[in-house]
A.B. asks: 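If you scroll down you'll find the structure; I have some questions about it.
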Amino acid sequence: MSKNTPHAIRGTQDIFGADAEAFAFVVETFERVRRLYRFRRVEMPVFEKTEVFARSIGETTDIVSKEMYSFEDRGGDSLTLRPEFTAGIARAFLTNGWQQYVPLKLATHGPLFRYERPQKGRYRQFHQLDAEIVGAAEPQADVELLAMADQLLRELGIEGVTLHLNTLGDADSREAWRAALVEHFRAVEGQLSEESQERLEKNPLRILDSKDRRDRPFVADAPKIDQFLSDEALAFFEAVTSGLDAAGVKWTRAESLVRGLDYYRHTAFEFIPDEGSEAAGKLGSQSTILGGGRYDGLMESLGGAPTPAVGWAAGIERLAMLVGEKEVAPVEAMLVVEDDRYLAGAIRLLREIRDEGFTAEMFASGSPKKRFSKAVKQNPQALLVVKPDGFWGATDEGALNPQIGKLLRSFNTSSP
């Protein structure tokens, strides 16, 4: 490779081979599961007006203040490559008249962009799965969404993962809890980490997320949301947990799990590998596999009417790491053309096999010996050599798929 050859941008990746197959397996499984739950496919723009994310995610968050890829286009508008899906979906819901379809179950996947330090399973261009239910205020929507997430992980073969669940209460419950947290942490402000001192002014609930050992004693003693839950908020959470029990979704209470922005309500959740599990070993410190929550106040922040909604997102790269390497699907029929005069007939047979839904390839370059050698290395289920007097099967015909065998018996190479 020449020194002048451009390299990939830091924080991006070229996915190939077994890694690409694992990536595709995650997406294909997600598409299959979302159809089982009748989530409608949606495609979103890769960039939006910067204000869409600034108003949705929050001006004080690290994503908006430090991590967004924003630029001014030729018309002078400030645009941003999407760092997440929910904000764009909320914008589309309001501007495209999707209110007529509520409750609206949506699913999408694709690339997202954040300028952050690359590390294991985390990139500056990364990919996510996303599922949202918009316009449903009932706790059953939360159960539906979480059951879908749980089934996705099971279908992917990911084990040793538990749903961590919390409630943030309704608006009044949350505000009362927030005020109590501010009072609690204000009394020990000087002993908090620098990051938590900053959060105390901007986003006090996020202190509960702190992993800094200086904060741990004060987080452990902090007021709990259950002290401030209204009867309605408590009933909502109990309906979610009983629904999960009925759906067979394993969960555990995580009282420190929060969402800092004011438009989040009620359910907050993350699927996290169990300590000592194979999944935990593969992901290291980046433990969250899938996460989300209910964001009933988001539409109002974008100028819309109050609209309940709940959603989750999952990193495809992380899921693919847990799935492990996937090999390319085995070839069901491999054709070797011994004489180029019969290439057209072999191409016809190749198409017929594929039209029936079977994987097939053909080797027709190099010497006949090399063609055969290359085909054998692919370890096909059926190896077929096209010859002037018909075909020869290197695999016992009895082991062939009956439909492939039928196609072969109807195939005639007697004329070029």
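Nothing here was measured: the structure is a model prediction, and the numbers come from that model. Along the sequence shown, the residues carry numbers beginning at 1.
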A.B. asks: Looking only at non-hydrogen atoms, find the nearest pair between Arg82 and Pro111 and report the distance.
C.D. replies: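 Distance-wise, the nearest heavy atoms are NE-O, 2.8 Å.
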A.B. asks: Taking the side chain as every heavy atom from C-beta outward, state whether Leu152 and Trp312 have any atom pair closer than 4.5 Å.
C.D. replies: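 Yes. Closest side-chain heavy atoms under 4.5 Å.
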A.B. asks: Kindly confirm or rule out a cation-pi arrangement of Arg294 over Phe269, judged by NZ or CZ under 6.0 Å from the six-membered ring centre and within 45° of its axis?
C.D. replies: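 No.
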A.B. asks: What closest approach, in Å, do Val52 and Leu302 show between heavy atoms, and which atom pair accounts for it?
C.D. replies: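 Scanning both residues completely, I find the closest heavy atoms to be O-CD2, 4.0 Å.
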A.B. asks: Could you walk me through whether Leu146 and Trp251 pass the side chain to side chain contact (heavy atoms under 4.5 Å, CB included) check?
C.D. replies: CA-CA 10 Å; Leu146 288 165; Trp251 63 276; over 6 Å; no
A.B. asks: So which heavy atom on Met44 is nearest to which on Gly88, and how close?
C.D. replies: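 Residues Met44 and Gly88, closest heavy atoms: CE-O, 3.2 Å.
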A.B. asks: Identify the heavy atoms of Leu283 and Pro273 that sit nearest to each other, and give their distance.
C.D. replies: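 Looks like CD1-CG, 4.1 Å.
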A.B. asks: Would you find more than 12 non-hydrogen atoms of other residues, nucleotides or ligands less than 6.0 Å from Glu183 atom CD?
C.D. replies: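 Atom CD in Glu183 is not crowded, with 12 or fewer foreign heavy atoms closer than 6.0 Å.
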A.B. asks: Mind checking whether Leu290 and Leu129 have side chains closer than 4.5 Å, heavy atoms only?
C.D. replies: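 Side chain of Leu290 against side chain of Leu129, heavy atoms only: no contact under 4.5 Å found.
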A.B. asks: Any luck finding a side-chain donor-acceptor pair between Tyr295 and Glu132 under 3.5 Å?
C.D. replies: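 Note: Tyr295 and Glu132 side chains meet the donor-acceptor criterion.
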A.B. asks: Can a side-chain donor-acceptor contact be found between Ser173 and Asp170 if the only test is distance below 3.5 angstrom?
C.D. replies: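 Present: a donor and an acceptor within the cut-off.
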A.B. asks: Can you tell me if Tyr123 and Glu116 form a side-chain donor-acceptor pair at under 3.5 Å?
C.D. replies: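 Glu116 and Tyr123 do not have a side-chain donor-acceptor pair below 3.5 Å.
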A.B. asks: For Asn96, I'd like to know if atom CG has over 12 heavy atoms of other residues, nucleotides or ligands within 6.0 Å.
C.D. replies: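 Correct, the count exceeds 12.
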A.B. asks: Could you check whether any side-chain heavy atom of Val46 comes within less than 4.5 Å of a side-chain heavy atom of Leu81, counting everything from C-beta outward?
C.D. replies: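 Yes, their side chains come closer than 4.5 Å.
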A.B. asks: Check the surroundings of atom CD in Glu159: do more than 12 heavy atoms from other residues, nucleotides or ligands lie under 6.0 Å from it?
C.D. replies: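 Incorrect, the count does not exceed 12.
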A.B. asks: Counting neighbours of CD on Glu275 that are heavy atoms of other residues, nucleotides or ligands and sit closer than 6.0 Å, is the number greater than 12?
C.D. replies: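 Open: at most 12 neighbouring heavy atoms sit under 6.0 Å from CD of Glu275.
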A.B. asks: Closest heavy-atom contact between Ala131 and Phe39?
C.D. replies: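 For Ala131 versus Phe39, the nearest heavy atoms are CB-CE2, 4.1 Å.
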A.B. asks: Run the salt bridge (charged side-chain N to carboxylate O under 4.0 Å, His left out) check on Glu144 and Lys105 step by step: do they pass?
C.D. replies: CA-CA 10 Å; Glu144 172 88 344; Lys105 302 199 296 188; 2.9 Å; yes
A.B. asks: Are a donor atom and an acceptor atom from the side chains of Asp142 and Thr267 found within less than 3.5 Å of each other?
C.D. replies: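 Thr267 and Asp142 do have a side-chain donor-acceptor pair below 3.5 Å.
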A.B. asks: Would you say the ring centers of Tyr69 and Tyr115 fall short of 6.0 Å from each other?
C.D. replies: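 That pair passes the under 6.0 Å test.
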A.B. asks: Side-chain contact, heavy-atom cut-off 4.5 Å: Arg178 with Leu205?
C.D. replies: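 A side-chain contact exists here, since the closest heavy-atom pair is under 4.5 Å.
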A.B. asks: Is there a salt bridge (charged side-chain N to carboxylate O under 4.0 Å, His left out) between Glu28 and Arg32 once you walk through the steps?
C.D. replies: CA-CA 6 Å; Glu28 290 162 4; Arg32 178 165 50 80; over 6 Å; no
A.B. asks: When you compare the side chains of Thr288 and Glu270, does any donor N or O come within less than 3.5 Å of an acceptor on the partner?
C.D. replies: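 Judged by distance alone, the side chains do pair up.
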A.B. asks: Please determine whether the number of non-hydrogen atoms from other residues, nucleotides or ligands lying under 6.0 Å from atom CZ of Phe25 exceeds 12.
C.D. replies: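 Buried by this count: over 12 neighbours within 6.0 Å.
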A.B. asks: Can you tell whether the side chains of Arg371 and Asp340 come within less than 4.0 Å, N to carboxylate O?
C.D. replies: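 The answer is yes: the pair qualifies as a salt bridge.
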A.B. asks: Please test Val336 against Leu384 for side chain to side chain contact (heavy atoms under 4.5 Å, CB included), starting from the C-alpha separation and ending with a verdict.
C.D. replies: CA-CA 6 Å; Val336 177; Leu384 313 163; over 6 Å; no
A.B. asks: Checking side chain to side chain contact (heavy atoms under 4.5 Å, CB included) for the pair Leu319/Leu153: CA distance, chi angles, key distance, verdict?
C.D. replies: CA-CA 9 Å; Leu319 293 175; Leu153 297 180; 3.8 Å; yes
A.B. asks: Check this for me, if you would: do Glu84 and Arg114 make a salt bridge, where the nitrogen-to-carboxylate-oxygen distance has to be below 4.0 angstrom?
C.D. replies: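 No, no charged N to carboxylate O under 4.0 Å.
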A.B. asks: Looking at Arg41 and Glu31, is there a salt bridge between them, counting it only when a charged N and a carboxylate O are closer than 4.0 Å?
C.D. replies: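 Result for this pair is yes, salt bridge flagged.
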A.B. asks: Might you work through the salt bridge (charged side-chain N to carboxylate O under 4.0 Å, His left out) test for Lys49 and Asp73, ending with a clear yes or no?
C.D. replies: CA-CA 10 Å; Lys49 289 185 176 181; Asp73 71 358; over 6 Å; no
A.B. asks: Taking only Lys NZ, Arg NE, NH1 and NH2, and the carboxylate oxygens of Asp or Glu, determine whether Glu194 and Arg214 approach each other closer than 4.0 Å.
C.D. replies: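 Looking at Glu194 and Arg214, the cut-off is met.
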A.B. asks: In plain terms, say whether Arg91 and Glu48 are close enough for a salt bridge, that is, a side-chain N and a carboxylate O under 4.0 Å apart.
C.D. replies: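 The answer is yes: the pair qualifies as a salt bridge.
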A.B. asks: For residues Glu317 and Gln13, is any side-chain donor paired with an opposing acceptor at under 3.5 Å?
C.D. replies: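 Checked: Glu317/Gln13 side chains pair up, N/O donor to acceptor below 3.5 Å.
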A.B. asks: Run the salt-bridge test on Arg216 and Asp212 with the 4.0 Å N-O cut-off and return the result as yes or no.
C.D. replies: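 Judged by the 4.0 Å cut-off on N to carboxylate O distance, Arg216 and Asp212 do not form a salt bridge.
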A.B. asks: For His127 and Phe23, run ring pair (Phe, Tyr, Trp, His ring centres under 6.0 Å): C-alpha distance rounded to whole Å, both residues' side-chain angles, the deciding distance at 0.1 Å, then the answer.
C.D. replies: CA-CA 10 Å; His127 302 78; Phe23 189 102; 5.1 Å; yes
A.B. asks: Nearest heavy-atom pair of Phe228 and Pro223: which atoms, and what distance?
C.D. replies: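 Scanning both residues, the minimum pair turns out to be CE1-CB, 3.9 Å.
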A.B. asks: So with a 6.0 Å cut-off around CZ of Arg186, is the heavy-atom count from everything else above 12?
C.D. replies: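 Yes - once you tally the heavy atoms of other residues, nucleotides and ligands closer than 6.0 Å, there are more than 12.
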A.B. asks: Please determine whether side chain to side chain contact (heavy atoms under 4.5 Å, CB included) holds for the pair Trp177 and Leu168, giving the CA-CA distance in whole Å, both sets of side-chain angles, and the decisive distance to 0.1 Å.
C.D. replies: CA-CA 9 Å; Trp177 183 37; Leu168 306 177; 4.1 Å; yes
A.B. asks: Going by an N to O cut-off under 4.0 Å, is there a salt bridge joining Arg259 and Asp209?
C.D. replies: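 Looking at Asp209 together with Arg259, the answer is no, because their closest N to O distance does not fall below 4.0 Å.
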